[in-house]
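Accompanying notes for the structure given below.
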Amino acid sequence: MRSYRTLFRTPEFTPFLLSFAAHAAAQTIGGLALGTLVFRATGSPLLSAVSMFGPQLAQLLGATFLLSGADRLPPRAILSGLALAFAAGTAVLALPGLPVAAVFAVVLAQGLIASLGGGVRAGLLNEILPKDGYVLGRSVFNMLWGLMQVAGFATGGALLALLTPRTCLLLAAALYVLSALGTRLGLTARPPRSAGRPSVSATWRTNALLWSSRPRRLTYLGLWIPNGLVVGCDSLFVSYAPGAAGTLFACGALGMFVGDVTVGRLVPPAVRPRLAVPLRLLLAAPYLFFVLQPGVVVAAVATAVASVGYGASLVLQERLMSLTPDDLAGQALGLHFVGMSTLQGVGAALAGTVAQLTSPATAMTLLAAASVTVTLTLAALGRQEERQQAAPGTRPDVLPEPAATDTPRRGARREGAQ
């Protein structure tokens, strides 16, 4: 699948995309409103950053208990229920006089349930589209996420100039409800991809299975750590430029959109694997210039250029799917999203801590340097792995089939539901 026309002719893809758009708009507007509310109340860069990106830390706990549900629960019902839960939590955050401790309790609960959503959504996309359409379809989702961030942060910044942060949070709650309705009315009911009940033991067994090979571990680490450190840089926009944070977030989203269009639509499949390392380096390098404490215009350009590097995630997700059986796709992608979100939360907390001790510009520079170092180290380890697999008498590390007692296969995944 190489054209957008074919992609949008695929049944259920468009309503699935639109429901995600409402979810993304709610998350963007709500996150900016919450970060602004906490910063105004506390004056703390750390608390502001953690309020926006802290829910991702809680997803690690959710991955321990809930992630097996990504393949063992009906996807439409789960996505609708999660959107309604987010709507309720966001409405609670808008309550006047809510203590900061209670705000973070709600944020923690939202992060816990969000750990299931990424795997369910990505696994469902893997069912709706044929295998050769996954990268293009995922790139459209990423592009939409970028567009909604551009629109959401720009709109959120304008709304915050006219309305209170609590009013913006109520608007975000309404958008979550709209996402739930779109999922419920626009998608058909599908059975779970794998048999068995979700449980902690099933989650752990499958996670261990997915983590069992070195190439896949390197792929996961490449998806998680460089991205998480750079998101830590992004989490400091509110404290770096309080009056222009929405502009910086919007420019970053625009750069991410360009990267996803380029990687998903313009780059030939044979070339994509070679772009993983250069794109991850591009993701971090422009933030090194923040050591000079640039003004808003230069900072916005650097952010846009750097965010093109987020296209590396498409390359690495494609590699991950090539190493994973179809009936484990939801949990494999869910583990990726949870790990990525967790490292983003860690990056935000680390960035806020360093900024608290030094300055936002210094913290952004240090995290960018760390991201570059990690990318170069993982690239060297990957080349070493390739040389070992190319040696005589060796074979590629392939994920074994799951045992019948863990995650029985349901047969071949339906290709391109027509």
Side-chain angles (χ1 to χ4, degrees), residues 21 24-41 43-53 142-169 171-172 175 227 229-261 282-311 344 347-348 351-352 355 359-365 367-368:
Q27 187 172 343
T28 303
I29 294 174
L32 182 60
L34 182 60
T36 303
L37 183 68
V38 171
F39 187 68
R40 288 179 183 177
S44 170
L46 173 60
L47 293 180
S48 175
V50 173
S51 69
M52 293 185 68
F53 296 94
N142 289 355
M143 286 186 286
L144 179 64
W145 171 244
L147 285 175
M148 295 313 297
Q149 283 188 309
V150 171
F153 283 127
T155 303
L159 289 174
L160 286 169
L162 301 172
L163 306 172
T164 66
R166 289 187 173 86
T167 303
C168 293
L169 285 170
L171 175 60
L175 288 170
N227 179 298
L229 291 169
V230 171
V231 168
C233 299
D234 296 349
S235 72
L236 297 175
F237 286 164
V238 171
S239 53
Y240 181 81
T247 299
L248 295 180
F249 279 121
C251 288
L254 179 62
M256 185 171 66
F257 175 83
V258 172
D260 287 329
V261 170
L282 177 63
L283 181 62
Y287 286 100
L288 297 174
F289 293 100
F290 276 75
V291 70
L292 303 176
Q293 299 187 8
V296 171
V297 174
V298 176
V301 172
T303 300
V305 172
S307 297
V308 174
Y310 282 117
Q344 288 176 353
S359 69
T362 300
M364 295 163 84
T365 305
L367 265 67

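Predicted model, so just to flag it, every value in this text is computed and none were measured.
- With rounding to the nearest 0.5 angstrom, the CZ atom of R166 is 10.5 Å from the CG atom of L34.
- A parallel orientation is assigned to the rings of Y287 and F237, their planes being inclined by less than 30° (bins at 30° and 60°).
- Across every non-hydrogen atom of A241 and L248, the tightest pair is CB-CD1, 4.2 Å.
- Rounded to the nearest 0.5 Å, atoms CG (D234) and CG (L229) are 11.5 Å apart.
- Here L171 contributes atom CG and L163 contributes atom CG; the two are 8.5 Å apart, rounded to the nearest 0.5 Å.
- Considering S235, P294, C233, S359 in turn, P294 is the only one that fulfils the side-chain contact (heavy atoms from CB on, under 4.5 Å) rule with Y240.
- Contact between L367 and G347 at its shortest, heavy atoms only, is CD2-O, 3.7 Å.
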Check step by step if side chain to side chain contact (heavy atoms under 4.5 Å, CB included) holds for T28 and F249.
-> CA-CA 10 Å; T28 303; F249 279 121; over 6 Å; no
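- For the atom pair CE (M364) and CG (L288), the distance works out to 11.0 Å, reported to the nearest 0.5 Å.
- Between G311 and D260, the shortest heavy-atom contact is CA-OD1, 3.9 Å.
- Crowding of F39 atom CZ: a count of heavy atoms from other residues, nucleotides or ligands under 6.0 Å exceeding 12.
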When you look at L169 and L37, which way does the side chain to side chain contact (heavy atoms under 4.5 Å, CB included) test go after all the steps?
-> CA-CA 10 Å; L169 285 170; L37 183 68; 4.3 Å; yes
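- Residue T362 holds its OG1 atom at 12.0 Å from CZ of F290, rounded to the nearest 0.5 Å.
- In terms of heavy-atom proximity, C168 sits nearest to I29 at O-CG2, 4.0 Å.
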Would you check, one step at a time, whether the test side chain to side chain contact (heavy atoms under 4.5 Å, CB included) holds for N227 with Y310?
-> CA-CA 8 Å; N227 179 298; Y310 282 117; 3.5 Å; yes
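- Counting heavy atoms from C-beta outward, P165 and L160 have side chains that approach closer than 4.5 Å.
- The minimum heavy-atom distance between A363 and L236, with the atom names listed, is CB-CD1, 3.6 Å.
- Under a 3.5 Å cut-off, the side chain of S307 and the backbone N or O of M256 do not form any donor-acceptor pair.
- For the residue pair A302 and P286, the shortest heavy atom distance occurs at O-CB, 3.4 Å.
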